[in-house]
Amino acid sequence: METKKRIGIGKAHSKIILMGEHAVVYGYSALAFPLKSVEVVCRVMEADHILIWDKEDPLSTAIFAALEQLGIDKAYLTYDIASTVPERRGMGSSAAVAIAAIRAIFDYYQADLSEDLLEDLVNQAERVAHQNPSGLDAKTCLSDLPIKYSRQTGFEQLDLNVGAYLVIADTGLHGKTKEAVQKVANLGDLAQPHLEKLGELAEKALVVTCPTAFGKVMSQAHRHLQAIGVSSDLSDHLVATAINHGALGSKMSGGGLGGCIIALAASQEQAKDLAKTLEKEGAKQTWIERL
Ligand code: PMV
């Protein structure tokens with residue numbers, strides 16, 4: 001009989017895409033950034049009823065992937081999630097929830113969990129949440145460093161030190177990644193030059209030598225994302241607001257048609273001011289991270 005804790009606890013952080021969304025679908029690079037202060041916590045406790053697997057539910061799939069790995073076929077368990085990660089905003093909520101849940105199960109049963117096994121189990125849940133995940137969300141939610149991803153070269157941890165502050169602002173509107181990806185596909189050749197530029201800008205962001213240049217690259221990317229029709233009115237408004245209030249650059253982030261925008265600030269004070277202004281102008285929530 002395995003030894004169990006009274007409560008198993010697992011935590012995970014969220015993520016945001018810095019550059020390269022949509023272009024990454026066509027083989028170009030994307031850069032994603034871990035949001036270490038935006039967290040999910042899962043608690044696992046004993047229950048008097050058996051836990052049932054809901055195969056359509058990513059969280060339930062994560063829990064059962066962990067139980068199966070531990071060789072437990074009947075679990076008298078219950079779990080709860082406390083999350084500050086809003087869902088469907090391109091912040092990796094489903095991956096973060098799965099990571100926290102798997103960690104909580106392993107903690108409850110006091111079992112060791114390697115990073116490779118964790119990633120593998122999370123991706124089982126991610127296949128339920130998104131039919132064909134690249135694995136970028138899971139990778140970034142598991143990493144303390146930014147991640148570069150392309151289909152050809154896979155994942156790479158980055159030592160990105162822009163020397164600025166990133167403001168993340170939530171429009172409060174669900175991002176519609178699937179619809180946006182389809183919209184870009186429908187554009188066919190018309191989208192190609194923009195996707196190519198978005199890919200180039202993601203590479204350029206890695207070699208620029210100052211925050212001003214990084215910001216410029218972000219703003220250029222936003223214009224290409226607008227051109228392929230994946231931004232939204234509120235995202236455009238928040239991006240323009242950020243620029244008018246002195247941001248070094250700003251863009252929508254993730255699949256789009258809602259979701260979050262990001263803006264680059266030269267200092268922490270400026271980041272705080274920008275966050276306040278963006279909230280006044282319609283952002284539901286903001287976060288600040290050093291970049
Ligand atoms: O909305 P997010 O953060 O899940 O990102 C979607 C990124 C896309 O490039 C639009 C789609 C994809 O599968 O890479």
Side-chain angles (χ1 to χ4, degrees), residues 12-35 38 40 58 83 85-99 122-123 125-143 146-156 166 168-187 191-192 194-203 205 218 221-222 224-232 234-235 238-239 251-262 285 287 289:
H13 60 248
S14 58
K15 73 94 187 43
I16 197 90
I17 293 187
L18 287 179
M19 296 289 294
E21 52 277 269
H22 288 286
V24 70
V25 175
Y26 295 83
Y28 300 102
S29 298
L31 314 179
F33 186 78
L35 299 178
V38 191
V40 174
S83 176
V85 188
E87 287 177 21
R88 296 179 56 197
R89 308 294 211 286
M91 293 177 73
S93 158
S94 61
V97 165
I99 294 167
V122 173
N123 279 322
E126 283 288 89
R127 281 191 280 278
V128 175
H130 319 273
Q131 286 85 6
N132 190 17
S134 65
L136 180 60
D137 279 18
K139 201 60 156 188
T140 316
C141 292
L142 285 168
S143 172
I147 300 286
K148 178 181 179 188
Y149 170 75
S150 84
R151 238 185 355 240
Q152 283 88 345
T153 57
F155 299 104
E156 193 189 324
L166 191 69
I168 301 103
D170 176 12
T171 61
L173 307 169
H174 282 167
K176 300 186 192 79
T177 299
K178 218 165 134 189
E179 195 181 317
V181 168
Q182 189 56 51
K183 208 171 166 187
V184 176
N186 293 345
L187 285 176
Q192 194 47 45
H194 297 291
L195 296 167
E196 204 177 312
K197 273 282 173 214
L198 285 163
E200 275 172 34
L201 289 166
E203 296 291 343
M218 285 168 64
H222 184 67
H224 290 289
L225 289 161
Q226 277 181 311
I228 55 172
V230 295
S231 191
S232 69
L234 184 51
S235 305
L238 295 176
V239 165
K251 65 186 277 291
M252 56 155 277
S253 168
L257 303 176
C260 290
I261 68 118
I262 53 176
Q285 252 189 111
W287 300 268
E289 293 270 341

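For ligands, and for the atoms within them, numbers begin at 1 and follow the listed sequence.
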Closer than 3.5 angstrom, by distance alone: can the side chain of [X] be matched with the main-chain N or O of [Y] as a donor-acceptor pair?
X	Y	result
H13	S143	yes
T140	I147	no
R127	A125	no
E126	A95	yes
K176	G255	no

**Prompt:** Which ligand 1 atoms does V24 reach within 4.0 Å, using its non-hydrogen atoms?
**Reply:**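 Listed by number with element, the hits are 9 (O), 14 (O).
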**Asked** Looking at G90, which atoms of ligand 1 are within less than 4.0 Å of one of its heavy atoms?
**Response**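 Near G90, meaning under 4.0 Å from one of its heavy atoms, ligand 1 has 1 (O), 2 (P), 3 (O).
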**Message:** Going by the rule side chain to side chain donor-acceptor pair (under 3.5 Å), which residues pair with S93 if we only count those two or more places apart in sequence or in a different chain?
**Reply:**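 Per chain and number, S93 pairs via side chain to side chain donor-acceptor pair (under 3.5 Å) with no residue.
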**Request:** Give the contacting part of R88 toward ligand 1: side chain, backbone, both or neither, where contact means a heavy-atom distance below 4.0 Å.
**Result:**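 The answer is neither.
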**Request:** Just let me know how V25 lines up against ligand 1, side chain, backbone, both or neither, with a heavy-atom cut-off below 4.0 Å.
**Result:**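 The side chain, only.
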**Message:** Between ligand 1 and G255, is the shortest N or O to N or O distance under 3.5 Å?
**Reply:**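 Yes; the residue has a nitrogen or oxygen that sits under 3.5 Å from a nitrogen or oxygen of the ligand.
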**Prompt:** Any N or O on K15 sitting closer than 3.5 Å to an N or O of ligand 1?
**Reply:**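 Checking ligand 1 against K15, an N or O pair does fall under 3.5 Å apart.
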**Request:** Ignoring hydrogens, just give me the one of T140, I17, L225 whose non-hydrogen atom is nearest atom 7 (C) of ligand 1.
**Result:**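 Going through T140, I17, L225 one by one, I17 has the nearest heavy atom to atom 7 (C) of ligand 1.
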**Request:** Name the closest protein heavy atom to atom 8 (C) of ligand 1, giving the residue it belongs to and the distance to 0.1 Å.
**Result:**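 The protein heavy atom lying closest is H22 N, 3.8 Å.
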